[in-house]
Amino acid sequence: AQTVTQSQPEMSVQEAETVTLSCTYDTSESDYYLFWYKQPPSRQMILVIRQEAYKQQNATENRFSVNFQKAAKSFSLKISDSQLGDAAMYFCAYRSESGAGSYQLTFGKGTKLSVIP
Amino acid sequence: NAGVMQNPRHLVRRRGQEARLRCSPMKGHSHVYWYRQLPEEGLKFMVYLQKENIIDESGMPKERFSAEFPKEGPSILRIQQVVRGDSAAYFCASSLDRAGETQYFGPGTRLLVL
């Protein structure tokens, strides 16, 4: 079974600075997707960014980018120019593409990000 | 395009009552997933459904929990004889297809069992 580990329960960053959230995962599969979801105080789950494992190029969405290291099974999220609205819980998630399963998401326990004005 | 809709947003039940949670997927989406989030935890998969079919219910508790996604209408997660341990946020997600598609989440239903 796949597992996702987020080793930082809480992080803080100064407004306008850069922060990196860590995520590692364990899998024996070669084809999969990785995601970062954001959960603000409203508790809505919002997709931040996704990465296909077969792509070597790191995904980028505006101020959000990832550092995907497939061999190390690492998938960190970098937030540049942090804004107050970035304060939230951030969840890393894994999804198999093996075709044998239901493509369910496996989530880490989350990292709570605080942004300091 | 309306997002995933869930209702009610908040639900209070007493022990032993039934809870019914509804999920309307995004327009055109025929794949629905239910997840449960306990306090201070990440989301845990419960069940995956397509129209009129349960594809994977490996994350569902063996008793008291059931789910359906009828040909017409929303998907429903039903919890019979609720206990305090069922208190959690229940999220529904939908996707257009199965392979390669992102799951989009609804706002969740917060269930509180007194």
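Quick note on labels: first sequence line is chain A, next is B, and so on, each numbered from 1.
Between B/Tyr35 and B/Phe105, the ring planes lie tilted relative to each other; the angle falls in the 30° to 60° range. Taking the six-membered ring where the residue is Trp, A/Tyr25 and A/Tyr32 present perpendicular rings, their angle passing 60° and hence far from 30°.
Proximity to chain B (any heavy atom under 4.5 Å) is shown, for A/Thr106, by neither the backbone nor the side chain. Contact annotation for A/Leu47: only side-chain heavy atoms (C-beta onward) come within less than 4.5 Å of a heavy atom of chain B.
B/Gln6 places a side-chain N or O within 3.5 Å of a backbone atom of B/Tyr90 that can act as its donor or acceptor partner. In this structure a side-chain-to-backbone donor-acceptor pair under 3.5 Å is missing from B/Glu41 to B/Leu38.
Residues of residues 61-78 of chain B lying within less than 4.5 angstrom of chain A, judged on heavy atoms, are absent.
Between atom CE of residue B/Met5 and atom SG of residue B/Cys92 there is a gap of 11.5 Å, rounded to the nearest 0.5 Å. Here CZ of A/Arg50 is found 5.5 Å from CZ of A/Phe35. Values are rounded to the nearest 0.5 Å. Interatomic distance, A/Ile79 CD1 to A/Asn62 CG, rounded to the nearest 0.5 Å: 12.5 Å.
Counting heavy-atom pairs closer than 4.5 Å to chain B, the top-ranked of the candidates A/Lys112, A/Gln6, A/Met89, A/Lys109 is A/Lys109.
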